[in-house]
Amino acid sequence: LTAEIGKRAQQNPDEIGAAAVPYLRVVGHLVYAYLWARMAAIALDKLASNPPDAGFYTGKLATARFYYAKLLPEAFHQRRLALAGAETLMTLDAALF
């Protein structure tokens, strides 16, 4: 995604600004996906030892599954928005604002 936006920006610098918000949302989802994967791995290791606070780790796994099933897919939509281009944004007349 970064390379594609950079390539487009060589032809039109407005591409960077047009992609900024959805790009940051994609990056945010990737960071959260990484963190949830780490938390899930730790929870699985802890649950293997049958801890007294198993409910806590079971909750972590359930939340990780929820994130991956319901929230992470938004990153694919945001990627499409980031690559939608600057044309529709930049063709708006400044007097409309």
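The structure displayed is predicted, hence computed values, not measured ones. All residue numbers refer to positions in the sequence shown, counting from 1.
Of all the heavy atoms in Asp14 and Met90, the pair that sits closest is OD2-CE, 3.4 Å. In this structure, Tyr23 and Ala82 approach most closely via the heavy-atom pair N-CB, 4.1 Å. Across every non-hydrogen atom of Ala69 and Pro73, the tightest pair is O-CG, 3.5 Å. When all heavy atoms of Gly85 and Ala18 are compared, the closest pair comes out as O-CB, 3.9 Å.
Partners of Thr63 by side-chain hydrogen bond (donor to acceptor under 3.5 Å, both in side chains), not counting sequence neighbours: none found.
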Between Glu74 and Arg25, does a side chain to side chain contact (heavy atoms under 4.5 Å, CB included) hold up when you go through it step by step?
CA-CA 9 Å; Glu74 292 175 3; Arg25 289 181 178 169; over 6 Å; no
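In this structure the side chain of Phe76 never reaches within 4.5 angstrom of the side chain of Val26, judged on heavy atoms.
Under the 4.5 Å side-chain contact rule for hydrophobic residues, Leu81 and Val21 do not share a cluster. When hydrophobic clusters are built by joining Ile, Leu, Val, Met, Phe, Trp and Tyr residues whose side-chain heavy atoms come closer than 4.5 Å, directly or via intermediates, Leu71 is grouped together with Met39.
In this structure, the separation between NE2 on His29 and CG on Leu24 is 12.0 Å, given to the nearest 0.5 Å. Rounded to the nearest 0.5 Å, atoms CZ (Arg79) and CD1 (Ile5) are 8.5 Å apart.
Between the side chain of Arg8 and the backbone N or O of Leu83, at least one donor-acceptor pair lies under 3.5 Å. A distance-only check finds a donor-acceptor pair linking the side chain of Glu15 to the backbone of Ala86 [under 3.5 Å]. Formation of a donor-acceptor pair under 3.5 Å by the Tyr67 side chain with backbone atoms of Trp36 is not found in this model.
Other residues, nucleotides and ligands contribute at most 12 non-hydrogen atoms within 6.0 Å of the CD atom of Glu87.
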Hey, can you pull the donor-acceptor pairs under 3.5 Å for the side chains in residues 42-61, sequence neighbours left out?
| unit_1 | atom_1 | unit_2 | atom_2 | d |
| --- | --- | --- | --- | --- |
| Ser49 | OG | Lys46 | O | 2.8 |
| Thr58 | OG1 | Ala54 | O | 2.9 |

